[in-house]
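Beneath this line is the structure, given in structure tokens, with notes to follow.
Lettering of chains follows the sequences in order, A, B, ..., and the numbering in each one begins at 1.
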There are 2 protein chains.
Amino acid sequence: MHKEHTLTKNQQIIFDLIDKSPEPMKAYSILFSVQKKGIKAPLQVYRALDKLVEIGKIHKIESRNAFIACHNSSCQVSKATAFSICEICEKITEISSASLSKYLANFKDKDGMKYSKYNLEFFGLCKKCR
Amino acid sequence: MHKEHTLTKNQQIIFDLIDKSPEPMKAYSILFSVQKKGIKAPLQVYRALDKLVEIGKIHKIESRNAFIACHNSSCQVSKATAFSICEICEKITEISSASLSKYLANFKDKDGMKYSKYNLEFFGLCKKCR
DNA sequence: ATTTAAATTGTTATAATATAACACCATGTA
DNA sequence: TACATGGTGTTATATTATAACAATTTAAAT
């Protein structure tokens with residue numbers, strides 16, 4: 001489980017917004033949405049995002065510069081993320097596969113190095129778009 | 001093997017630069033380096049980068065917005081990339097592991113969906129930094 | 001050789017993403 | 001009390017990336 005953090009006001013506002021969103025949100029679209037709640041500057045958004053990523057409440061989809069809430073209740077997911085991305089409709093889903101995460105968590109490279117963290121993005125066409 | 005493409009002048013200049021670089025290069029640092037060769041505008045750089053990525057001569061490290069030459073001679077590497085990233089010194093290496101690429105190429109999600117493409121970034125500490 | 005289509009180039013302007021720096025405030029704790 | 005830590009608000013700026021348009025080059029295909 002995630003360690004419980006008490007979110008601050010800005011963090012809570014921004015987390016709630018991302019959590020309710022059916023799709024990943026971009027920073028400036030978040031900014032636009034929360035301006036009515038008094039969050040006016042990009043930095044206020046980025047600071048909250050940074051913290052939320054750090055504590056594992058949200059993840060960043062690196063190839064899209066977008067943020068999605070974590071719905072994965074297993075441990076340490078913030079350090080081990082996998083997503084599927086539809087290249088047509090841009091539907092993005094967090095993949096939760098025990099075998100995948102086990103494989104990657106145990107992966108060692110040629111030098112025997114193990115990694116503390118990874119991010120994997122799969123691309124293809126979703127059911128609808130095929 | 002990569003399909004052979006004849007690179008255009010700008011593409012060749014930019015590929016050579018990235019290929020010789022010991023570390024991934026960022027777009028504007030590339031721009032700065034090639035200005036003496038007559039490439040003056042960001043778009044000229046980004047267009048060449050886009051093409052080089054498309055044909056698999058370079059890869060983009062998404063989490064770093066940086067570009068690295070592909071030194072992997074096996075097929076289809078442009079659609080199946082894996083990197084190791086040292087979080088301290090930022091040393092980045094392309095991982096070439098047959099078992100890893102086999103595992104990921106064959107990975108199916110819960111719905112039985114297979115993916116045409118993936119990008120994996122591992123994070124940890126390199127030998128030197130440990 | 002001439003035409004034509006496709007890709008590439010050069011250029012200016014602008015959009016989108018992200019951080020620096022600084023002053024201030026809230027909270028916990030020694 | 002003091003002091004450390006983390007969060008906030010603000011302005012300005014840095015960094016990354018694309019839009020739009022005209023001109024040119026390239027490589028086939030007549």
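With sequence neighbours left out, A:Phe123 forms a ring pair (Phe, Tyr, Trp, His ring centres under 6.0 Å) with no residue at all. Residues passing the side chain to side chain donor-acceptor pair (under 3.5 Å) test with B:Ser97, sequence neighbours excluded: B:Ser99. Not counting sequence neighbours, A:Phe15 has no partner by the ring pair (Phe, Tyr, Trp, His ring centres under 6.0 Å) test. When the ring pair (Phe, Tyr, Trp, His ring centres under 6.0 Å) test is applied to B:Tyr115, the partners found at least two apart in sequence or on another chain are A:Phe122.
Between A:Leu7 and A:Leu52 the shortest side-chain heavy-atom distance falls below 4.5 Å. Taking the side chain as every heavy atom from C-beta outward, A:Lys91 and A:Cys129 never approach each other to under 4.5 Å. Side-chain contact between B:Ile68 and B:Phe83 is present, with at least one heavy-atom pair separated by less than 4.5 Å.
One can place CD1 of A:Ile61 at 16 Å from C1' of C:dT17, the figure rounded to the nearest angstrom. To the nearest angstrom, P of C:dG10 lies 7 Å from CD1 of B:Ile39. Atom C1' of nucleotide C:dA7 and atom CD1 of B:Ile55 are separated by 13 Å, given to the nearest angstrom. Rounded to whole angstrom, the span from the CG atom of B:Asn10 across to the P atom of D:dT25 amounts to 13 Å. Taking atom CZ of A:Phe32 as the reference point, atom C1' of C:dT17 lies 18 Å away to the nearest angstrom. For the pair B:Leu49 CG and C:dT8 P, the interatomic distance rounds to 14 Å; values are reported in whole Å. Whole-Å rounding puts the B:Gln12 CD to C:dT9 C1' distance at 17 Å. For the pair A:Ile30 CD1 and C:dA16 P, the interatomic distance rounds to 15 Å; values are reported in whole Å.
Considering all non-hydrogen atoms of both residues, B:Ala27 and B:Val45 come closest at O-CG1, 3.8 Å.
The pair B:Glu121-B:Arg64 does not meet the salt-bridge criterion, since no charged nitrogen lies less than 4.0 angstrom from a carboxylate oxygen.
Below the 3.5 angstrom threshold, one finds no donor paired with an acceptor across the side chain of A:Arg47 and the base of D:dG6.
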Quiz item: For every nucleotide of nucleotides 11-16 of chain D, 5' to 3': is a protein heavy atom under 4.0 Å from its base (B), only from its sugar-phosphate (S), or from neither (-)?
Solution: B----B
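When the side-chain nitrogen and oxygen atoms of B:Lys51 are compared with OP1 and OP2 of C:dA7, none of them lie within a distance under 4.0 Å. The shortest distance between the side-chain N/O atoms of B:Gln11 and the OP1/OP2 oxygens of C:dT8 is below 4.0 Å. The phosphate of D:dT8 has OP1 or OP2 within less than 4.0 Å of a side-chain N or O from A:Thr8. Within the 4.0 Å cut-off from OP1 or OP2 of D:dG9, at least one side-chain nitrogen or oxygen of A:Gln44 is found.
Taken over five-pair windows at either terminus, the axes of the helix from C:dA1-D:dT30 to C:dA30-D:dT1 are inclined to one another by 40° (rounded to 10 degrees).
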